[in-house]
Protein chains: 2
Amino acid sequence: MNPEETKPQKKSFKVQMLAARESAIIESVNRLLADKGFDAMTVDEVAAEVGIAKASLYKHFPSKEELACAAMVMAMQRAQAFIAQVPAEQAPLDKLKAVTRWTMTLKLQGQMPSLPSQNSSLRATLMGSKAYMDGLMEVSDALGGWIEQAQAQGSVNPSLPAVAVLYTLFARACDPVLEFLKMGEQHSDEQILDMVMSTCFDGLNAR
Amino acid sequence: MNPEETKPQKKSFKVQMLAARESAIIESVNRLLADKGFDAMTVDEVAAEVGIAKASLYKHFPSKEELACAAMVMAMQRAQAFIAQVPAEQAPLDKLKAVTRWTMTLKLQGQMPSLPSQNSSLRATLMGSKAYMDGLMEVSDALGGWIEQAQAQGSVNPSLPAVAVLYTLFARACDPVLEFLKMGEQHSDEQILDMVMSTCFDGLNAR
DNA sequence: GTCTATACTACGATAGAC
DNA sequence: GTCTATCGTAGTATAGAC
């Protein structure tokens, strides 16, 4: 093997290892963020779960905020991937329902990182992250387009501002009703999903 | 004045002062809890806002958790007071709507204390507080009764478990959609309330 | 019951050897 | 890039004088 082949391979291997470790870190952060939220999550916990020293974590990410931000970016990328995979031939309303159900499934499985609804240091970091904001915008644009189509064809209430519909769907990803019903242990995950989907799209009123 | 008259009056005055101070404390806690949440709220801030020393706070309440708990109990009592005042002749659905709209109004005005949705030390304290649990149960019973009546007469979807309806209404008190729409500054508080009431009871689908 | 001053702890972040 | 050890700070809670 000549150097021209060996060196790139070695470098690629190193980079791959680094990426693997970082994605393992992000995976742990994601779980902890879903479990306890940003404030309650400690950097020590993350380090312990990944199995490395805390100082090593800080070689990968400069702060706790950046750590959480990376997890949020990954979650956003997953959402983009799911959205891209929704069959184009489906009706706009069905596309919206598919995405909403998917996000709630993640939440029920404890894989949806939950950021604090209140203002915090994390908010600032997220707003300043190009990767996060780009992902958020792309997701918003995709859903916003479907919402407008659905309203145009009369399957979603056209008298609601599209942005209100968008926020309402986003909010399902952190809906406390999901965990409350799960805690009750009276219903399966599928039943819980069906109920919350029903209240979301059909409302509480009888039809 | 003989001692039999003077002493009770003095004591009553003292007690009244104490109660006034404590209610001032609780009021501050309520605001801070609504603004930043339990974790981000510091005891120093509470003391500073009330205008007394931190150590004095701890003479009134034994811990930060008890402080927040007292605020939650007061919020629950307010809810009970509102519920008791709802006209009995109204239809069950209208009663539910009135309470829901009232809670969301409080939230929009920054007067609804928000506890962490995740598990925390506060949860344990609340669960162990008889005053809080009694209030919660009374509110739940009142709303639960109205929900069953509304379902019986077909104004609320009878195929939903009553408890799912109850949780869905409770969740409106901490709905992030309210603040998101408020941040957008495109709509008045009344318009925001109308929109969220619509999505809650009528759903997103067109009718 | 109010204050000032302080003890104690948890946690984010860093230094420095390897 | 990994570790051990440590710093600095923020924040809950308490001691003790008045």
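Sequence lines set the chain letters: A, B, ... in the order given, protein chains first and strands last, and positions in each chain run from 1. What you are looking at is a predicted structure, and each value in this text was computed from that prediction instead of being measured.
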Trainee: Does A:T42 reach a base, just sugar-phosphate, or nothing at all? Heavy atoms under 4.0 Å.
Mentor: sugar-phosphate
Trainee: Could you give the distance from CG (A:D189) to CE (A:M104), rounded to the nearest 0.5 Å?
Mentor: 11.0 Å
Trainee: Would you kindly give the CE-to-P distance between A:M41 and C:dA10, to the nearest whole Å?
Mentor: 18 Å
Trainee: Rounded to the nearest Å, what distance is computed from the CD atom of residue B:E66 to the P atom of nucleotide D:dT12?
Mentor: 15 Å
Trainee: Examine the base of C:dG12 for any acceptor or donor lying under 3.5 Å from a partner atom in the side chain of A:K54, and report the outcome as yes or no.
Mentor: yes
Trainee: Nucleotides 15-18 of chain D: which of its N/O atoms have a protein N/O under 3.5 Å away?
Mentor:
none

Trainee: Taking the nucleotide of DNA chain C with the closest heavy atom to each, which residue, A:A40 or A:P62, is nearer the 5' end?
Mentor: A:A40
Trainee: What parts of residues 17-26 of chain B reach DNA chain C, counting only heavy atoms under 4.0 Å away?
Mentor: B:L18, B:R21
Trainee: Salt bridge (Lys or Arg N to Asp or Glu O under 4.0 Å) between B:D94 and B:K97: does it pass, once the steps are laid out?
Mentor: CA-CA 5 Å; B:D94 290 329; B:K97 284 185 175 175; 5.1 Å; no
Trainee: Between D:dC3 and A:S56, is there an OP1 or OP2 to side-chain N/O distance shorter than 4.0 Å?
Mentor: yes
Trainee: Report the distance from atom CZ of B:F61 to atom P of D:dT12, rounded to the nearest whole Å.
Mentor: 15 Å
Trainee: If you measure from NZ on A:K54 to CG on A:D44, what distance do you get to the nearest 0.5 Å?
Mentor: 4.0 Å
Trainee: Tell me, do B:K107 and B:D175 make a side-chain contact under 4.5 Å, heavy atoms counted?
Mentor: no
Trainee: What's the CG-P distance between B:L57 and D:dA13, to the nearest Å?
Mentor: 11 Å
Trainee: Take the protein atom NZ of A:K64 and the nucleotide atom P of C:dC11, then report the distance between them rounded to whole Å.
Mentor: 9 Å
Trainee: Show me the side-chain donor-acceptor pairs of residues 136-148 of chain A shorter than 3.5 Å, one per line, residues at least two apart or across chains.
Mentor:
| residue | atom | partner | partner atom | Å |
| --- | --- | --- | --- | --- |
| A:E138 | OE1 | A:Q80 | NE2 | 3.3 |
| A:E138 | OE2 | A:Q80 | NE2 | 2.9 |
| A:S140 | OG | A:L136 | O | 2.8 |

Trainee: Whole angstroms only, please: what is the NE2-P distance between A:H60 and C:dA13?
Mentor: 16 Å
Trainee: Parallel, tilted or perpendicular: which describes the rings of B:W102 and B:F82, with under 30° parallel and over 60° perpendicular?
Mentor: parallel
Trainee: Roughly, in whole Å, what's the span from OH in B:Y58 to P in C:dT6?
Mentor: 19 Å
Trainee: Hey, does A:P161 have a side-chain heavy atom less than 4.5 Å from the side chain of B:H187?
Mentor: yes
Trainee: Which one, C:dT4, D:dA13, C:dG12, comes nearest to the side chain of A:V43?
Mentor: C:dG12
Trainee: When you compare the side chain of B:M74 with that of B:V29, does any pair of heavy atoms fall below 4.5 Å?
Mentor: no
Trainee: How long is the line joining CG of B:D44 and P of D:dG11, in whole Å?
Mentor: 7 Å
Trainee: Checking A:N157 side chain against B:G203 main chain: does a donor-acceptor pair fall under 3.5 Å?
Mentor: no
